[in-house]
Participant: 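Below are the structure tokens for one structure; questions will follow.
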2 protein chains.
Amino acid sequence: MQLQEGRDKFIQAWGTLGSSWGINRTMAQIHALLLISPIALSTEEIMDALGISRGNVNMNVRSLMDWGIVHKELRPGDRKEYFHAEKDIYLTAMKIMRERRKRELEPLITIMAQLKQVEKLETPEGQALTKAVHDIDHFAHQADTVLTTMEKMTSNWFTQQFLSVIKKIKPL
Amino acid sequence: MQLQEGRDKFIQAWGTLGSSWGINRTMAQIHALLLISPIALSTEEIMDALGISRGNVNMNVRSLMDWGIVHKELRPGDRKEYFHAEKDIYLTAMKIMRERRKRELEPLITIMAQLKQVEKLETPEGQALTKAVHDIDHFAHQADTVLTTMEKMTSNWFTQQFLSVIKKIKPL
DNA sequence: TCACTTTTTCAGAAGTTATTGAAAGTGTAG
DNA sequence: CTACACTTTCAATAACTTCTGAAAAAGTGA
């Protein structure tokens, strides 16, 4: 396979995966483009490479920066902004997890806390709700703990350690 | 808070969370309704409870069954089908993870395997692509291993064990 | 200050995904 | 076979999301 064909396929694949991961297609494609670009790119270069509008590039690049996986680079004597992606894929994955934990798990925990205030009834309906709220709350806290712990993994070394622990656990 | 208010809030919250998790809003709401229902419900009952059409209920209930988190129940002498949700929230989470692993990680691994066939060039562009493909492939395999291991956790007991292992790991 | 370059915003257009509801399909009992 | 009770499908449409491009805002140097 030729280089250009490979690059296109990579951008395409990352875009598709991203959209099933709560990151929109274009955002993921910009991220892919920056991941395989050895140098930082300007807004214009991204527009040309992906054939999308200025507004679209601007909006999605800002989102990628909010996620902490793309950074702005300024060159002395040049007014343009250039962008490059975090190249450590583990760190990138951790940042995405962190953001999703904040955006999804934390609100869930908040709502479950509110729902614990529902008056306890002895009816089957009341008990089913109480059980569901309790179980989900418990699960959400556990998941939050696991992800928070993983956020603290900032090096590949540690990820390897973690994996080796997992591998040693004997499945039932 | 009153029971009915709590039930509505629960369904609402689960629907919102679901939609940020690749499960569509309605599918998640049906799941929530079944989770807090002590008895199995018919298509009509789901339609009435959520105010949605027959086709919509049918389509989403089938998807929930594909994910393995909702089951059909037949009552002797009744032609209607009744549906109930898996009530073990850990088992439910595991099944969702399993499905997402299959739908997202496996295709990613397949594409990275193809991209490894790109001819190796000494140019910065070639090397950047090669590195990205290699890193993502490695990461995807690790993630796949972790999730596959977790799939084998089928009891709360084991989840507790796992969590206690995680907690003991000293963060950097 | 102005002239110029670059970034940001946002209303409307385009594209995508979810929902409806009616028709077709399936299975069962008489 | 027919009538009935339900389930499934799917084309039309509604709802939602993303994208464009031009205008406004912001930034820079003289």
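First the proteins, then the strands, lettered A, B, ... as listed; each starts at 1. Below, each value reflects all heavy atoms present in this structure, side chains not excepted, and no hydrogens, waters or symmetry copies.
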Participant: Is it true that B:Glu104 and B:Arg100 make a salt bridge, defined as a side-chain N closer than 4.0 Å to a carboxylate O?
Facilitator: yes
Participant: Determine yes or no for a side-chain-to-main-chain donor-acceptor pair under 3.5 angstrom, with A:Ser37 supplying the side chain and A:Leu33 the backbone.
Facilitator: no
Participant: Ignoring the backbone of A:Ile52, work out which of D:dT20, C:dT20, D:dT7 is nearest its side chain.
Facilitator: D:dT20
Participant: For DNA chain C, determine which residues of residues 57-76 of chain A have any heavy atom closer than 4.0 angstrom to one of its atoms, and list them numerically.
Facilitator: A:Asn58, A:Arg62
Participant: Polar-atom pairs under 3.5 Å, protein N or O versus N or O of nucleotides 27-30 of chain D: list them with distances, or write none.
Facilitator:
{"from": "D:dG27", "atom 1": "N2", "to": "A:Arg79", "atom 2": "NH1", "distance (Å)": "2.9"}
{"from": "D:dT28", "atom 1": "O4'", "to": "A:Arg79", "atom 2": "NE", "distance (Å)": "3.3"}
{"from": "D:dT28", "atom 1": "O2", "to": "A:Arg79", "atom 2": "NH2", "distance (Å)": "3.1"}

Participant: Specify the separation, in whole Å, of atom CG of B:Asn56 and atom P of D:dC10.
Facilitator: 16 Å
Participant: Is the phosphate of D:dT7 approached by B:Thr43 (side-chain N or O, under 4.0 Å from OP1 or OP2)?
Facilitator: yes
Participant: Of all residues at least two apart in sequence or in a different chain, which pass the side chain to side chain contact (heavy atoms under 4.5 Å, CB included) check with A:Asn24?
Facilitator: A:Thr26, A:Met27, A:Asn60
Participant: If you only use heavy atoms from C-beta on, which nucleotide in C:dT6, C:dT19, D:dC19 is closest to the side chain of A:Lys80?
Facilitator: C:dT6
Participant: From the options D:dC19, C:dG21, D:dT7, select the nucleotide whose nearest atom is closest to the side chain of B:Glu81.
Facilitator: D:dT7
Participant: Over how many whole Å does the gap from B:Glu45 atom CD to D:dC6 atom C1' extend?
Facilitator: 14 Å
Participant: Whole angstroms only, please: what is the CZ-C1' distance between B:Arg54 and C:dT26?
Facilitator: 15 Å
